[in-house]
Amino acid sequence: MDHREEIRKYLRELLLQKGDKQPFADDTSLLLGGRLASVDAVEIVVFLEEKFGVNFSDIGFDQTLIDSVDAIDSLIQTVKK
Amino acid sequence: MNAPTDAAAAIPPAAWPQRLANFRIIPRIETYPAVTKLAQTVIGKLLILALFILGLRFATEDWIPVSLGLVAITFVPVRRRILLTIATLLVTFGVPWAKFPHPLYTSALIGFVIGIAALLFWLAVALPRSFFGRHPVLILLSGYSLLIVVAVYFPNDTHWYLTVWDFTAMFGAYLWFIAYSLLDRRAPDRDDFSLQVGTYRPFWGSPTVPFVKGAGYLRRIEARDADQLAVTQLKGLKLLAWSMLIALFSKYFTQFVYGFLAIPTFREAFLQSVRRTPYPWYTCWASLITGFLGDILAISIVGHRIVACVRMAGFNALRNTYRPLSSRTIAEFWNRYYFYFKELLVDFFFYPVFLNYFKANKKVRIAAATLAAAGFGNAFYHYIFYLSYISELGLWRSLLAYHVYIFYCAVLAIAICMSQLRKRGPAPTGFFRGHVVPVFCVALFYCLLNIFDYTERTYPITEHFRFLARLFNLNP
């Protein structure tokens, strides 16, 4: 499973836990769009730290960095470089 | 790449509670293609603006400058951000001449504060590796706390004394707006200060809590094309209408409750308890519940009006208050009741702790960050907000007299913490056990906690506990 698919799967599960069964596209704004809350942002941060080794205290944190599948994928690519 | 996921399983036919929840008093006009198409024409824009300004005329006394700003932004959307700055600066420096006794003095203070903000922003951007560049918000908040200490100990027999306090109050009014600018310093698409300043107490009106956050958030929620602008403006128009409907309901609710039913206000009931002539326990409950509902109505009216203006300006901002009484957890209510205040605490207190400390243990990490935000951050925000108590009582006595609100913050933080960390089993099914019971318990918790939501420094916490006991008829 590639990064992007893993992210999609994780976000899908997070939304389903909240009872949100609506589909989302890779560029759908989930946090700033209101479908996920700050509490969920925390879950995403932990997921990215554990799964991809992202260290937000090094790069600085902004909710927009984890707002969508595209944003998260772009963040992972940047960290890898 | 942008294909929808297959997360949407077949949704079963909606049950009647779901249908009830989906019912809308104001129809979703932004989803009607004919309406959104009309909203993109000059006639449509004029019609939406006219309706919006008509509503604003009844919703706020400052409707003229807000309307002028919205008209300019609606017809020149490509210059939206710079027009936001111009409108904000015109209102900022125009209001003192219309409302304050010493407009030149007030304008000079505002100018001085904005000048300091510009300097701080420039330093944070220019020196990213310096201590200030790495921790600008920490230094800003520490510096402001130091400024308060200086003001408290400033000799009060000099003519500079009042100026020092005026400056402290003015800086406090801009503090969190400047903090959001500093938070934006690392963004790759960061705005110049000329655009940042447009978010400092924007022309659409904002309390000390920044509505809506800062430049970084505005960039993300800005309408990108005519279609998005039409949808956003229609949502703004709807929200203003909703705000006015709630205001109308609130008016009759107040008349009915405090007039026809003659229920005392929460404050009256509390004062009677302090005087040892309390109302009957059931009247105290009625006062507490109606006061709690009144607070929700009041915050909804103001928040909806401001967010409606933000949307009319082309920024698709989230509502400040969104169905708080449908929350099934304490954390959810906190998120839904006063969204932009919660965001402020999350941005400036939760994330700094969460991202830097206790990384080895997720639960400890969440607990520490929640206590930092809902506990310390909440108490800190309100302590520095009420400067009059600090100037009157001094630092230590004003802090001691603040113990009721500190208790409130501590209980709130612990409750949110437990709400977030509680291991959830399968959600109870059925409308009553799955919806009514959790919603009732959450509302009851916040209703009771409201007894301690008290930032005045008049009565000790024992009086608040006395009122709480009275609710259960424990101190007749």
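Everything numeric here is computed off the predicted structure, so don't read it as measured data. All chains are named by letter (A, B, ...) in the order of the sequence lines, taking the proteins before the strands, and each is independently numbered beginning at 1.
- Within the 4.5 Å cutoff, the side chain of R365(B) has heavy atoms near those of the V46(A) side chain.
- For E43(A), the part lying under 4.5 angstrom from a heavy atom of chain B is the side chain only.
- Heavy-atom proximity under 4.5 angstrom to chain A picks out I366(B) from residues 366-377 of chain B.
- For the pair F61(A) and N356(B), the minimum side-chain heavy-atom distance is 4.5 Å or more.
- How far CD of E49(A) is from NZ of K359(B): 5.5 Å, rounded to the nearest 0.5 Å.
- The contact between E343(B) and chain A is made entirely by side chain atoms (from C-beta outward), counting heavy-atom distances below 4.5 Å.
- For F350(B), the part sitting under 4.5 Å from any heavy atom of chain A is the side chain, from C-beta outward, and nothing else.
- Using a 4.5 Å cut-off between heavy atoms, V45(A) touches chain B through its side chain atoms alone.
- Of the two parts of D67(A), neither the backbone nor the side chain holds a non-hydrogen atom closer than 4.5 Å to a non-hydrogen atom of chain B.
- If you measure heavy-atom distances from Q63(A) to chain B, the contacts under 4.5 Å come from the side chain alone.
- No part of Y322(B) comes within reach of chain A, as not one of its non-hydrogen atoms sits under 4.5 angstrom from that chain.
- Across every non-hydrogen atom of L318(B) and G33(A), the tightest pair is CD2-O, 3.6 Å.
- When each of R134(B), R186(B), R220(B) is scored by its heavy-atom pairs under 4.5 Å with chain A, the top score falls to R220(B).
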